[in-house]
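Within every chain, numbering begins at 1; the chains are lettered A, B, ... in the order of the sequence lines, protein sequences first and strands thereafter.
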Amino acid sequence: MSVFPSIALAILIALAALAFALRAAVPARPAEDALQSGEPVPLAPLQRVSWWTLAAGLAFAVAATVVIAGKGVETWWTVDAVRLPVTGLMLAALLASLAPMTLARRNAASRGVLVDERDLEILRRAPSVQGAATLVRLALWTVVLMESFHAAGSVPVPFLVLVNWSCLVVYALALPVGILIGYWRR
Amino acid sequence: MPRAEVHNQIRRLRFEHGEMTQQALAERAGCTRQTIVVLEQSRYVPSLLLAMRIAKVFGVTVEEVFQLHE
């Protein structure tokens with residue numbers, strides 16, 4: 001069976017997610033009117049970008065996972081037409097995670113305030129979620145690989161590469177998650 | 001140490017200043033509208049700098065805007 005339909009689908013999903021992420025990077029101007037009682041708090045620009053970053057990053061990561069799971073680790077590792085698009089999807093997931101930081105940097109050049117002291121405090125605390133998520137991910141990989149390949153005596157190289165990719169992507173996606181948790185708590 | 005809360009009069013002061021919108025206050029104080037929203041709901045304690053800026057916008061002292069309740 002040809003791998004191209006699934007790759008094309010994965011790329012299509014990735015492009016759609018990227019388009020949404022780029023659209024979200026331009027924060028909409030909030031309404032001038034004050035909140036009515038009981039009305040939910042509007043999303044802060046950083047919060048909105050974090051939601052879209054998470055959605056785009058997840059779409060890229062899920063697309064890559066679907067391709068690897070669908071074709072198998074061996075095919076992914078040996079067939080260029082599978083491996084290279086997956087590499088692209090993983091890199092896209094990493095790049096998408098830069099959006100919140102980009103917004104914070106754009107703040108200084110903006111006429112209005114995109115990110116204020118409360119947003120920066122939330123942004124400063126978010127990396128603690130990244131550390132925890134990466135630790136959990138590494139622990140899971142270690143247990144799974146140890147139990148799967150203990151008898152063989154060594155872990156095949158493709159799995160080691162997968163460990164690297166998955167930890168990088170989890171680390172990247174944990175930033176918007178940490179930011180959203182920060183807004184939810186405060 | 002007893003639990004302390006910081007209450008504020010931002011909503012009343014906005015009303016007394018010609019129904020100033022949250023967005024207008026945010027722009028003049030140098031923060032986002034969302035921060036004004038959570039401040040009015042007493043869900044966020046601002047830095048001294050932001051507190052002084054908000055007080056300056058209304059032309060009052062910080063103590064007239066923010067009160068410590070223990």
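Applying the 6.0 Å contact sphere to CZ of B:R12 captures more than 12 heavy atoms from other residues, nucleotides or ligands. Heavy atoms of other residues, nucleotides or ligands lying less than 6.0 angstrom from NE2 of B:H69 number more than 12. At most 12 non-hydrogen atoms from other residues, nucleotides or ligands lie less than 6.0 angstrom from CZ of B:F15. Residue-environment remark: CH2 (A:W51) stays at or below the threshold of 12 foreign heavy atoms within 6.0 Å.
Within the 4.5 angstrom heavy-atom criterion, no atom of A:Q47 approaches chain B.
Between B:T32 and A:D119 the shortest heavy-atom distance is CG2-OD2, 3.7 Å. Shortest non-hydrogen contact noted between B:R33 and A:P42 is NH1-CG, 3.9 Å. The shortest heavy-atom contact between A:D116 and B:G30 is CB-O, 4.4 Å.
From A:R118, atom CZ reaches atom OG of B:S47 across 13.0 Å, with rounding to the nearest 0.5 Å.
Using a 4.5 Å cut-off on side-chain heavy atoms (C-beta onward), A:E117 and B:P46 make contact.
Linking ILVMFWY residues whenever their side-chain heavy atoms come closer than 4.5 Å, directly or via other members, leaves A:L140 and A:W165 in distinct clusters.
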